[in-house]
Amino acid sequence: MNIHIDQVIKRFGTFHALNEISLQINPGELVALLGPSGSGKTTLLRVIAGLESADEGEVYINGDNVTLDDVQKRQVGFVFQHYALFRHMTVFENVAFGLRVRPRRIRPAKAEIQAKVSELLDLVQLRGLSNRYPDQLSGGQRQRVALARALAVEPKVLLLDEPFGALDTKVRRDLRQWLRKLHDELAITTVFVTHDQEEALELADRVVVMNHGKIEQVGTPEEVYQSPLNPFVFDFMGSVNIFHGRIEDGIAKLGSIEVDASTTKKLDGEAVVGYVRPHDVEIITQKDEADLEAKVLHIHPIGPTVRLELTHVDDKEHIQAEVNREDYELLQIKSGDQVALKLRKLAIFEDKVPS
C-alpha cells in the first residue's frame, strides 16, 4: 500500500502545524518522520491516520482519496508511545480487542480469533505471556503487545508515534532491531515518528526531516546524513563544528581555513558558514599540511571512540574531534598538547546571520 500526501495544511488557531506538505511513501517502505519537538511530525502522522483532519490538501492510501474518511475506513494500525493498553485485560484480550469489536457481519469466529491472536503472539515473541496483564510486563513487552494489537486488524498501513520513546536505551536498541526484522517479514508500509536521529538512521528505508511544519529533506539514511541539503539538516543529524567567514575571490575564508568555493556559486563578500562533523576532523602529524592548529582541552574515552575537545590556537574557537581508540593510542596525545588538524568534508552554506 502506498501513501500520497498532497499539499496538506493543518492549522491550530493561527499556528501552522503543517505547511503545504507533499510526500510519497512507497509500498512496503519503512519511513521515519524525524524532527525536533514542534516540527509537525506527529501531526502529519495523525493526519495520515485520520485522527486529525487536514484544513487543506488531500491524503491518498493505495490510490484512494481518504481525506474525508474516518479512522476505521482508512484501515490503519496505530501504535502510541505509551502503549494505550487496557490494564484490566490480559495480553490475549488486548490483542483480540480489535477483532472482537468488529460488526457482527465481519467479526471472525471465536476459533479464528484464537488462532489469529496466537499467531501474532508468536510473531512478537510473547506466546507464553498471553494470560498476563499489562502491569505484569516490562516496557518492551508492553510495546510489543501494542504492536500485535495494531496488526491484528490487518491494517493497510502501520503508523507508530515515538514507539520506543518511553523505554531505556538498551531496550530501545533491541526493539529497533526486532522491529526492522519484523517489518522485513511482513512487508507492510510503515511510517514512524521519532526525534532520535540514530533510531531513524538505523531503522528507516527513507528519512523525512521536518522543521516548523515543513519538510527540509527526504532521502535514504545515507543521503540525509552524508549530504544534508541545508544547515538545519546538517546540524540536526549529529554533532557539528561550525566556522564562520566570507567569500573572497572564490575562496571561502573561515578564519585561518581557506576552502575553494568556486563551485558553490557564492558571491564575493557573501557571509558563509562551514560545517564539519567531529569524525571528519583528522589529527595529523605534518603541521605544514594542516588546516589549523589547536590545543587539546579534554579527552573523553567513550567505548571504542575517543572524543577530543580542542580550542583553535588563533581565535580560541572550540572544536570537537572523534577518533577510534586504536588511532588515539597511536597518536599518544594528552590534555594540553598542541596538535595539527585536517578538516575532511567541509560543507559551505550561506550564513543566514552574518557574523
Side-chain angles (χ1 to χ4, degrees), residues 36 197 201 207 209 211-212 214-300 305-324 327-328 330-331 333 335-355:
Q197 297 89 340
L201 294 174
V207 178
V209 183
N211 186 35
H212 295 311
K214 288 182 173 290
I215 292 175
E216 297 282 353
Q217 185 170 352
V218 180
T220 65
E222 179 78 5
E223 287 168 345
V224 297
Y225 187 80
Q226 297 291 353
S227 304
L229 292 181
N230 58 47
F232 172 80
V233 178
F234 210 122
D235 197 16
F236 187 74
M237 293 306 298
S239 299
V240 292
N241 294 294
I242 301 175
F243 303 92
H244 294 274
R246 293 188 180 276
I247 301 294
E248 294 181 20
D249 299 323
I251 302 294
K253 294 190 175 182
L254 312 165
S256 61
I257 306 166
E258 295 190 357
V259 181
D260 181 10
S262 58
T263 60
T264 64
K265 299 181 181 178
K266 305 296 183 189
L267 301 176
D268 271 5
E270 185 175 351
V272 291
V273 60
Y275 284 71
V276 62
R277 299 207 184 278
H279 62 255
D280 286 322
V281 176
E282 181 183 4
I283 300 173
I284 60 176
T285 54
Q286 293 84 10
K287 289 190 176 182
D288 58 324
E289 296 180 7
D291 290 320
L292 51 86
E293 293 184 30
K295 181 180 178 180
V296 180
L297 297 179
H298 301 289
I299 299 173
H300 307 284
T305 301
V306 177
R307 183 175 301 153
L308 304 170
E309 292 183 38
L310 312 106
T311 183
H312 188 195
V313 295
D314 291 334
D315 57 23
K316 306 305 179 185
E317 287 287 335
H318 280 259
I319 302 166
Q320 285 190 356
E322 289 180 2
V323 298
N324 64 52
D327 288 344
Y328 167 72
L330 289 172
L331 288 167
I333 56 178
S335 295
D337 285 354
Q338 190 164 309
V339 296
L341 304 179
K342 189 79 177 172
L343 306 184
R344 304 186 298 253
K345 298 182 182 178
L346 181 67
I348 304 295
F349 297 101
E350 178 186 357
D351 194 343
K352 298 293 185 180
V353 184
S355 57

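Small disclaimer: the values here were computed from a predicted structure and weren't measured. Nothing fancy with the numbering, it's 1 onward along the sequence. Below, each value reflects all heavy atoms present in this structure, side chains not excepted, and no hydrogens, waters or symmetry copies.
- A donor-acceptor contact under 3.5 angstrom links the side chains of E216 and N230, judged on distance only.
- Under a 3.5 Å cut-off, the side chain of E223 and the backbone N or O of Q217 do not form any donor-acceptor pair.
- Nearest heavy atoms, N241 versus R277: ND2-C, 4.2 Å.
- Atom NE2 of H212 sits in a sparse spot, with 12 or fewer heavy atoms from other residues, nucleotides or ligands closer than 6.0 Å.
- Rounded to the nearest 0.5 angstrom, L292 CG and H312 NE2 are separated by 4.5 Å.
- In this structure, the side chain of D291 engages the main chain of L343 through a donor-acceptor pair within 3.5 Å.
- Closest of all the heavy-atom pairs between L254 and G245 is CD2-N, 3.5 Å.
- The OG atom of S227 lies 8.5 Å from the NZ atom of K345; values are rounded to the nearest 0.5 Å.
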Practice item. Verify side-chain contact (heavy atoms from CB on, under 4.5 Å) between E258 and E248, making sure each step is shown before the conclusion. Key: CA-CA 10 Å; E258 295 190 357; E248 294 181 20; over 6 Å; no

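- Here the CD1 atom belonging to I283 is positioned 4.5 Å from the CG atom belonging to L308, to the nearest 0.5 angstrom.
- Taking both residues in full, the closest heavy atoms of E322 and R307 are given as OE2-NE, 3.4 Å, listed atom of the first, atom of the second, then distance.
- A pairwise comparison of heavy atoms in L310 and A321 identifies CD1-CB, 3.9 Å as the closest pair.
- Put simply, OG1 on T305 and NE2 on H300 are 13.5 Å apart, with the number rounded to the nearest 0.5 Å.
- Once rounded to the nearest 0.5 Å, the distance linking CD1 of I319 with CD1 of I242 reads 12.5 Å.
- Put simply, CD1 on I251 and CD1 on I257 are 13.5 Å apart, with the number rounded to the nearest 0.5 Å.
- Here the shortest heavy-atom pairing between V209 and V233 reads CG1-CG2, 4.2 Å.
- For the pair S239/Q320, a side-chain contact is recorded, criterion being any heavy-atom separation below 4.5 Å from C-beta on.
- Side chains of N324 and V306 form no contact here, defined as non-hydrogen atoms less than 4.5 Å apart.
- Between H279 and Y225, the ring planes are parallel. Angles under 30° get that label, and only those over 60° would be called perpendicular.
- Proximity of N211 to F236: side-chain heavy atoms (C-beta onward) are nowhere separated by under 4.5 Å.
- E293 and Q338 get closest at one heavy-atom pair: OE1-NE2, 2.9 Å.
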